[in-house]
Amino acid sequence: MILTSDAAILCSSDYQNGIFIKSPDVVQLLWNQFISYKEQCSLFFRPAPLTPENHKAVIDSMFDTFYDQNDLIGIQPEPCLTPFFTGNLLHEIFNYDLPQADAILAAAEQAFQMNMVKIQNEQFLIYSTREGLLQFAKTGLTDEIPEIFYHPLTVEQRIEILNGVRQCCETGVYRFLQKPLNHLPHNLHFCIRGTMGSMVFRNNTGQIIVLNIEETCLVSIFRDYLEHMNPASYCSTEKATELVDQIINDLQNNRI
């Protein structure tokens with residue numbers, strides 16, 4: 001059923017047949033029915049643009065008061081790099097020309113440090129791809145953070161980050177997907193925190209949007225899948241560290 005202010009179309013399930021309705025009384029009846037259904041629905045997800053003006057609302061929603069009590073499981077093209085954007089490195093790459101720069105920097109620093117604590121507490125698990133990490137090594141950019149917030153990392157800074165990723169591969173916290181799962185869509189960034197889930201993607205205007213998923217049943221399905229993924233779907237810790245070592249070596253020798 002498709003409704004406008006003054007008309008309606010009722011379609012068959014295969015969209016091959018339909019009824020076009022212009023009667024005001026029938027259209028109003030259908031609107032009343034739609035509203036009654038809507039009132040019984042729960043919110044599926046809550047979108048928010050990740051912009052300098054909206055940074056506080058987005059960060060607060062992703063790093064709530066229960067964040068430290070929950071684990072984090074994610075799947076995305078590149079490994080999660082934010083835990084390593086801390087200390088001097090974050091201050092070196094941050095864009096201080098932003099409005100509210102000091103507040104944004106403080107919020108980011110706290111959030112990224114919380115992620116590192118999760119890694120240290122074994123509350124962190126990320127599935128990603130070699131191609132995604134290679135893209136970061138080439139550009140010094142990550143799709144996790146809008147480019148307006150920071151400057152591309154230098155080769156030395158990239159190597160510093162890659163060494164952190166390597167350590168996480170050694171402990172099994174970061175896992176590289178193998179065929180057929182190693183071709184993740186470039187725009188897919190999905191993570192679960194406790195019973196909450198969120199997706200980060202770039203829309204058709206280039207804006208990065210965060211979707212906080214409110215439907216807990218759907219989050220549970222994704223959690224079950226990621227927690228029980230077949231070990232054959234991802235590299236061993238030895239192979240994962242070898243992949244990172246190769247990227248570091250290529251970067252140091254200007255082969256990237």
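Using a 3.5 Å distance cut-off with no hydrogens or angles, the side chains of R175 and S233 do not pair a donor with an acceptor. A side-chain N or O of Q28 and one of N32 form a donor-acceptor pair less than 3.5 Å apart. Using modelled atom types and a 3.5 Å distance limit, the side chains of Q157 and E92 yield a donor-acceptor pair. With no hydrogens or angles considered, no side-chain donor-acceptor pair links D25 and S23 at under 3.5 Å. Side-chain N/O atoms of T82 and N115 include a donor and acceptor closer than 3.5 Å.
Judged as a salt bridge (charged side-chain N to carboxylate O under 4.0 Å, His left out), the pairs with a partner in residues 233-251 (not counting sequence neighbours) are, in order, R166-D245, D250-R255. For residues 163-201, the pairs satisfying ring pair (Phe, Tyr, Trp, His ring centres under 6.0 Å) are F190-F222, with sequence neighbours left out.
No more than 12 heavy atoms of other residues, nucleotides or ligands lie within 6.0 Å of OH in Y37, so this atom counts as exposed by the packing criterion. When the shell of 6.0 Å around CD of E215 is examined, it contains more than 12 heavy atoms from other residues, nucleotides or ligands. Atom CG of N230 has more than 12 heavy atoms from other residues, nucleotides or ligands within 6.0 Å. Shown here is F20, whose CZ atom has more than 12 heavy atoms of other residues, nucleotides or ligands within 6.0 Å. Heavy atoms of other residues, nucleotides or ligands lying less than 6.0 angstrom from CD1 of I19 number 12 at most. Shown here is N121, whose CG atom has more than 12 heavy atoms of other residues, nucleotides or ligands within 6.0 Å.
Here the side chain of N163 pairs a donor or acceptor atom with the backbone of I159 at under 3.5 angstrom. Side chain of E122 to main chain of K118: no donor-acceptor pair is present (N/O by atom type, distance under 3.5 Å, no hydrogens or angles). Remark: the backbone N or O of L177 is not paired with any side-chain donor or acceptor of N182 at under 3.5 angstrom. No donor-acceptor pair closer than 3.5 Å links the side chain of W31 to the backbone N or O of S5. Under the 3.5 Å distance criterion, the side-chain polar atoms of S198 are left unmatched by any main-chain donor or acceptor of L211. In this structure a side-chain-to-backbone donor-acceptor pair under 3.5 Å is present from Y96 to H91. A donor-acceptor pair is defined here as one N or O able to donate and one able to accept, closer than 3.5 Å; no such pair exists between the side chain of D71 and the backbone of F124. One N or O on the side chain of T129 and one on the backbone of P77 form a donor-acceptor pair closer than 3.5 Å. For R158 (side chain) and K138 (main-chain N/O), a donor-acceptor pair under 3.5 Å exists by modelled atom type.
One distance of note links CG of L30 with CD1 of I9; it measures 12.0 Å at 0.5 Å rounding. Atoms CG and CD1, from N70 and I192 in turn, are 11.5 Å apart once rounded to the nearest 0.5 Å. Taking CD1 of I208 as the start and CD of E144 as the end, the distance is 9.5 Å to the nearest 0.5 Å. Rounding to the nearest 0.5 Å gives a distance of 7.0 Å between CD1 of I161 and CD1 of I93. Note that the CD1 atom of I119 and the SG atom of C168 stand 4.0 Å from one another [nearest 0.5 Å]. In this structure, CD on E156 lies 9.5 Å from CD on Q252, to the nearest 0.5 angstrom.
The shortest heavy-atom contact between Y150 and I145 is CE2-O, 3.5 Å. In plain terms, the two heavy atoms of L162 and A137 that are nearest each other are CD1-CB, 4.4 Å. Closest non-hydrogen pair, A240 versus C235, comes out as N-CB, 4.2 Å. For the residue pair T241 and C169, the shortest heavy atom distance occurs at CG2-CB, 3.8 Å. Shown here for I21 and L10, the closest heavy-atom pair between the two residues is CD1-CD1, 3.9 Å.
With hydrophobic clusters built from ILVMFWY side chains whose heavy atoms lie under 4.5 angstrom apart, L125 does not share a cluster with L133. Linking ILVMFWY residues whenever their side-chain heavy atoms come closer than 4.5 Å, directly or via other members, places M199 and I209 in the same cluster. The hydrophobic clustering, which links ILVMFWY residues whose side-chain heavy atoms are closer than 4.5 Å, places V117 and I126 apart. Y234 and L72 are not part of a single hydrophobic cluster, where members link through side-chain heavy atoms under 4.5 Å apart. Neither M196 nor I73 shares a network with the other; the hydrophobic side chains, linked directly or stepwise wherever heavy atoms of I, L, V, M, F, W or Y lie under 4.5 Å apart, form separate groups for each.
Within the 4.5 Å cutoff, no side-chain heavy atoms of F84 are placed close to those of E160. Taking 4.5 Å as the limit, every side-chain heavy atom of E214 sits out of range of all side-chain heavy atoms of V219. Contact check for Q135 versus E131: no side-chain heavy atoms found under the 4.5 Å cut-off. In this structure, H151 and N95 have side chains that are in contact, with non-hydrogen atoms separated by less than 4.5 Å. Between E147 and L141 the shortest side-chain heavy-atom distance falls below 4.5 Å. E78 has its side chain within reach of D143: a pair of non-hydrogen atoms, C-beta onward, lies under 4.5 Å apart.
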- Test side chain to side chain contact (heavy atoms under 4.5 Å, CB included) applied to Q76 and L184, step by step: CA-CA 7 Å; Q76 55 190 50; L184 290 178; 5.5 Å; no
- Task: Begin from the C-alpha positions of I247 and I256 and carry the test side chain to side chain contact (heavy atoms under 4.5 Å, CB included) through to its verdict.
- Result: CA-CA 8 Å; I247 293 176; I256 294 181; 4.0 Å; yes
- Message: Is there a side chain to side chain contact (heavy atoms under 4.5 Å, CB included) between N212 and F45? Walk through the geometry before answering.
- Response: CA-CA 5 Å; N212 288 315; F45 57 75; over 6 Å; no
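Using the six-membered ring where Trp is involved, F85 and F112 have ring planes that are perpendicular, over 60° apart on the 30 and 60° scheme.
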